[in-house]
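Everything below concerns the one structure shown next.
Atom set for the values below is all heavy atoms of this structure, side chains included, hydrogens, waters and symmetry mates excluded.
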Amino acid sequence: LKTVPSSSRQYKTAQKKLTEYQDYLADAKLRAAPSPQKSCSRDTNPQFFSIPIKGRAGGTPIVEVTFNDRQFDMLFDTGASNTLVTQSIAATLRLPVVGMARMTIANGSTVTLPIALVKSQGVDGHVRVEVPVAVAPPAMPIGLLGQDFYKGYDVAIKEDAIEFRRRGSTPSV
């Protein structure tokens, strides 16, 4: 495409395709680049971390989350602003209720939910401490890992993992 002379009637098409193909090449190089090294498990704000996807429920990824050293399956819900634990999780962990909060749920209605405090919440080395979580109504069978968990990160949901890169970091190409 670069060798098509400017006098050719195909020159404009070649230039357009050249730009398009260069964009595809840059994207392919970015996708082919290995993921950054995972940081030490003590780093609570790593540059990069990932969560293996254990399964899916209606297309939504299910991930394993550790609360107070106990593991639970949660939906990775990009639409949930806050992490929401089931009443079963709250009871198992004997979470102290520290307040109540009004929240808008997926159907647009507003509900008042108890807010409990977990000592620690973690996934793959990314750990938060003293985390407030909402406690779901009894009918909710599985918790939601919300946006509050990955605040400050860009997220890429892949086929078998979810990758997190701290905002402002640039991947190496």
Ignoring hydrogens and geometry, is there a side-chain-to-backbone donor-acceptor pair from Asn68 to Ser120 under 3.5 Å? yes
Would you sort out whether Lys158 and Glu163 count as a salt bridge (charged side-chain N to carboxylate O under 4.0 Å, His left out), showing the intermediate values? CA-CA 8 Å; Lys158 307 276 180 132; Glu163 295 180 347; 3.6 Å; yes
Is there a side-chain contact between Ser109 and Thr104 (heavy atoms, below 4.5 Å)? no
Check whether any side-chain heavy atom of Val155 lies under 4.5 Å from a side-chain heavy atom of Phe164, and answer yes or no. yes
Would you give the length of the straight line joining atom CD of Glu20 to atom NZ of Lys17, rounded to the nearest 0.5 angstrom? 4.5 Å
What distance separates Thr60 OG1 from Asp77 CG, expressed to the nearest 0.5 Å? 6.5 Å
Would Val97 and Leu93 show up in the same hydrophobic cluster when neighbours are defined by side-chain heavy atoms closer than 4.5 Å? no
Tell me whether Thr92 contacts the main-chain N or O of Ser88 through its side chain, where contact means a donor paired with an acceptor under 3.5 Å. yes
Does a side-chain heavy-atom distance below 4.5 Å link Val65 with Gln121? yes
Calculate, to the nearest 0.5 Å, the distance between atoms NZ and NZ belonging to Lys12 and Lys16 respectively. 11.5 Å
Heavy-atom distance under 4.5 Å between the side chains of Arg128 and Phe149, does that happen here? yes
For the pair Arg102 (side chain) and Thr112 (backbone), establish whether a donor and an acceptor sit closer than 3.5 Å, ignoring hydrogens and angles. no
Give a yes or no on whether the backbone of Gln15 and the side-chain of Thr19 come within a donor-acceptor separation of less than 3.5 Å. yes
Identify the heavy atoms of Val63 and Pro52 that sit nearest to each other, and give their distance. CG1-O, 3.8 Å
Apply the test ring pair (Phe, Tyr, Trp, His ring centres under 6.0 Å) to residues Tyr150 and Phe76: give CA-CA distance (whole Å), side-chain angles for both, the deciding distance (0.1 Å), then the verdict. CA-CA 11 Å; Tyr150 55 90; Phe76 183 79; 5.2 Å; yes
Any donor-acceptor pair under 3.5 Å from Gln47 side chain to Arg166 backbone: no
According to a 4.5 Å side-chain heavy-atom criterion applied to Ile, Leu, Val, Met, Phe, Trp and Tyr, with indirect links allowed, do Leu84 and Val111 form part of one hydrophobic cluster? yes
Nearest heavy atoms of Arg56 and Glu159, plus distance in Å: NH2-O, 3.2 Å
Within-4.5 Å side-chain heavy-atom neighbours: Phe67 and Met74: yes
At what distance, to the nearest 0.5 angstrom, does OG1 of Thr83 lie from CG of Asp148? 3.5 Å
Would you name the heavy atoms of Leu144 and Ala80 that are closest together and state the gap between them? CD1-CB, 4.2 Å
Rounded to the nearest 0.5 Å, what separates atom CD1 in Ile157 from atom CD1 in Ile51? 9.5 Å
What distance separates Asp73 CG from Ile89 CD1, expressed to the nearest 0.5 Å? 8.5 Å
Taking the side chain as C-beta and beyond, is there a heavy-atom pair between Pro61 and Ile162 under 4.5 Å? yes
Check the hydrophobic clustering (I, L, V, M, F, W, Y; side-chain heavy atoms under 4.5 Å; chains of links allowed) and say if Val135 and Met100 are grouped together. no
Taking all atoms of both residues into account, what is the closest heavy-atom pair of Val85 and Val133, and its distance? CG2-CG2, 3.9 Å
Atom of Thr86, atom of Ala136 and distance for their closest heavy-atom approach: CA-CB, 4.3 Å
Is it true that Arg165 and Asp154 have a side-chain N and a carboxylate O under 4.0 angstrom from each other? no
Does any non-hydrogen side-chain atom of Asn82 lie less than 4.5 Å from one of Met103? yes
